[in-house]
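Take a look at the structure set out below.
Positions are given from 1 along the sequence.
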Amino acid sequence: MTLEEAIHLANNGDQEAMFQLGQYYWKQEKQYQEAQNWYLKGAEAGDVRCMALAALSGNVLAHALRKTVGAPAAAECVRDLETCLSWAAQARANGGKCDSASIETELGVCCFLAALNEENEERSTAYLLRARELLRANHPAQDPEARLYLAFALDRCSRLDGGMRDLDSRLYVDLLTDICENHRTEVKDGAVACYYLGAAYLMGNGCKKDDNKAYQWMATAQQMGFDCQEMLRGFKKKLMGGYVYKG
C-alpha cells in the first residue's frame, strides 16, 4: 500500500490505515505531531490502539513542549495532558492497556509550572493543589525533576494550609536531600533546592536542626548561582570548628 492509498483509506474512515499512518509518521518520518494527528483521528474513530497511543504520544509531545518553552507553555500542556488522561482511560475501558502514571507525573509538573505563571490567584491555587495531588500519588517518580517539583509543591501548599504536616515535612526533606546530593547539577533549579534544604536544617523543618548542614547547603547554593549571601552572613564560625547561626 502506498502512502497516498493509506491516506485515502484513512480519510474515508479506515481505522487500520489511521493506525498505520500514525506508526509510519512516528517511527519512520519522525514527524511526531503528524503522527499524533493520525492517532487522534483513529482514537476518535474508536480504535483502541490509537486511543492508547494518542495518550502516550501526547505525553511525549507535552513534555517536549514544556522543556522547550518552559512555564509559559505549561497551561497549554495541562490541557493537552488532561486529554491524554481521557484517552488512556478510554483505552482501558475498551480492553486496551495504557498506564497513566507517566502522564499524571508530567501533568503534575506542568500544573506546578502553570501555577507559577498564572496571575489569577484562584486558578493558581487550583493548579498548585492539583500538582501536589498528582506528584504525591505517583511518588517516587523516576525523573528527578518530578521529585524536585513535588518538594516545591509541598512547600508552596504548606503556605496555603498554614503549615506542613509531619509526614509531608519528612518527605520534603528526603526529596531535597536526594536532589541536592545526587542530582543538583542535572535539574534546572538544583541551586534553589540546596537553599531550601539549608533552610530546612536551619529551622528544623522535617529534620533535626543543624546549623552546620544549613551552612553547607546554603554555601553550595551560593556557589551554584543562587544568591543567599545575606543568609550566609548570619553564620558565625565557632572556636572549635563548625558554624552557628546568629542571624
Under 3.5 Å, side chain of Glu118 to main-chain N/O of Asn120, donor-acceptor pair present?
-> yes
Electrostatic pair Arg159-Asp155, nearest N-O below 4.0 angstrom = yes
Indicate yes or no for a side-chain donor-acceptor contact from Ser124 to the backbone of Glu121 under 3.5 Å, with no hydrogens or angles considered.
-> no
Does Arg233 pair with Glu230 as a salt bridge, N-O distance under 4.0 Å?
-> yes
Could you tell me whether the side chain of Gln36 and the main chain of Leu61 form a donor-acceptor pair under 3.5 Å?
-> no
Quick one: does Asn12's side chain have a donor or acceptor within less than 3.5 Å of a partner on His8's backbone?
-> yes
After noting the C-alpha distance and the side-chain angles of Leu81 and Leu85, does the key distance pass the side-chain contact (heavy atoms from CB on, under 4.5 Å) rule?
-> CA-CA 6 Å; Leu81 289 163; Leu85 284 182; 5.9 Å; no
Decide if atom CD of Gln142 counts as having more than 12 heavy atoms of other residues, nucleotides or ligands within a radius under 6.0 Å.
-> no
Test Arg92 against Ser100 for side-chain contact (heavy atoms from CB on, under 4.5 Å), laying out the working first.
-> CA-CA 10 Å; Arg92 292 193 297 272; Ser100 295; 2.8 Å; yes
So, are Asp174 and Arg147 salt-bridged, with charged N and O less than 4.0 Å apart?
-> no
Is there a side-chain contact between Leu197 and Met218, using heavy atoms and a 4.5 Å cut-off?
-> no
Taking atom SG of Cys84 and atom CG of Asn59, what is their separation to the nearest 0.5 Å?
-> 6.0 Å
Apart from Tyr24 itself, its cluster of hydrophobic side chains linked below 4.5 Å comprises Leu3, Ile7, Met18, Leu21, Tyr25, Trp38
For Asp99 and Lys97, run salt bridge (charged side-chain N to carboxylate O under 4.0 Å, His left out): C-alpha distance rounded to whole Å, both residues' side-chain angles, the deciding distance at 0.1 Å, then the answer.
-> CA-CA 7 Å; Asp99 186 2; Lys97 294 182 179 179; over 6 Å; no
Aromatic contact, Phe152 with Tyr196 (centres under 6.0 Å) | yes
Per ring pair (Phe, Tyr, Trp, His ring centres under 6.0 Å), Phe235 is matched among Tyr201, Tyr245, Trp217 by Tyr245
Applying the 4.5 Å side-chain criterion to the ILVMFWY set and letting contacts propagate, would Tyr32 and Tyr39 be lumped into a single cluster?
-> yes
Just by distance, with hydrogens left out, do Ser158 and Arg165 show a side-chain donor and acceptor under 3.5 Å apart?
-> no
Side-chain contact test, heavy atoms from C-beta onward, threshold under 4.5 Å: evaluate it for Asn205 versus Val173 and give yes or no.
-> no
Counting only N and O atoms by type, is there a donor-acceptor contact under 3.5 Å from the side chain of Tyr243 to the main-chain atoms of Lys236?
-> no
Hey, does Cys157 have a side-chain heavy atom less than 4.5 Å from the side chain of Leu129?
-> yes
If only atom types and distance count, is the side chain of Asn212 paired as donor or acceptor with the main-chain N or O of Gly242 below 3.5 Å?
-> no
Decide yes or no for Val60 and Trp26: does some side-chain heavy atom of the first lie under 4.5 Å from some side-chain heavy atom of the second?
-> yes
Distance (rounded to the nearest 0.5 Å) between Ile103 CD1 and Trp87 CH2 | 12.5 Å
Evaluation steps, salt bridge (charged side-chain N to carboxylate O under 4.0 Å, His left out), between Asp161 and Arg132 | CA-CA 12 Å; Asp161 298 337; Arg132 180 178 64 176; 2.8 Å; yes
Applying side chain to side chain contact (heavy atoms under 4.5 Å, CB included) to Gln15 and not counting sequence neighbours gives Ala45, Asp47
List the steps and the verdict of side-chain contact (heavy atoms from CB on, under 4.5 Å) for Met224 and Val192.
-> CA-CA 9 Å; Met224 292 180 67; Val192 180; over 6 Å; no
Check whether any side-chain heavy atom of Val48 sits under 4.5 Å from a side-chain heavy atom of Gln90, and report yes or no.
-> no
Distance col, row Asp227:CG vs Tyr195:OH, nearest 0.5 angstrom, shows 10.0 Å
Would a 4.5 Å heavy-atom cut-off, applied to side chains only, mark Asn37 and Glu34 as touching?
-> yes
Should the pair Arg66-Glu145 be classified as a salt bridge under the 4.0 Å nitrogen-to-oxygen rule?
-> yes
dist Cys194:SG -> Gln222:CD (nearest 0.5 Å) comes out at 12.0 Å
Output the distance between atom CD (Gln33) and atom OG (Ser57), rounded to the nearest 0.5 Å.
-> 10.0 Å
Hey, any chance Met203 and Leu167 share a hydrophobic cluster, counting ILVMFWY side chains that come within less than 4.5 Å of each other, even indirectly?
-> no
Asp168/Arg170 salt bridge by N-O under 4.0 Å criterion | no
Distance-only, no hydrogens or angles: does the Ser86 side chain make a donor-acceptor pair with backbone N or O of Glu82 under 3.5 Å?
-> no
Linking I/L/V/M/F/W/Y whenever any side-chain heavy atoms sit under 4.5 Å apart, do Leu40 and Phe19 land together?
-> no
Before accepting this row, confirm whether a basic side-chain N of the pair Arg130/Glu133 lies closer than 4.0 Å to the acidic partner's carboxylate O.
-> yes
Salt-bridge criterion met for Glu16 and Arg49 (N-O under 4.0 Å) | yes
Ile179 side chain near Glu186 side chain, heavy-atom distance below 4.5 Å | no
Atom pair CG (Leu107) and CG (Leu134), whose distance is rounded to the nearest 0.5 Å = 5.0 Å
In terms of hydrophobic clustering (I, L, V, M, F, W, Y; side-chain heavy atoms under 4.5 Å; direct or indirect links), are Leu128 and Val78 co-clustered?
-> no
Can you list the residues that meet the ring pair (Phe, Tyr, Trp, His ring centres under 6.0 Å) rule with Tyr127, with sequence neighbours excluded?
-> none
Run the numbers on His183 and Leu148 for side-chain contact (heavy atoms from CB on, under 4.5 Å), then give the verdict.
-> CA-CA 10 Å; His183 306 287; Leu148 176 60; over 6 Å; no
With hydrophobic residues grouped by side-chain heavy-atom distances under 4.5 Å, do Leu116 and Tyr149 end up in a single group?
-> yes
Whether over 12 other heavy atoms sit under 6.0 Å from Lys188 NZ = no
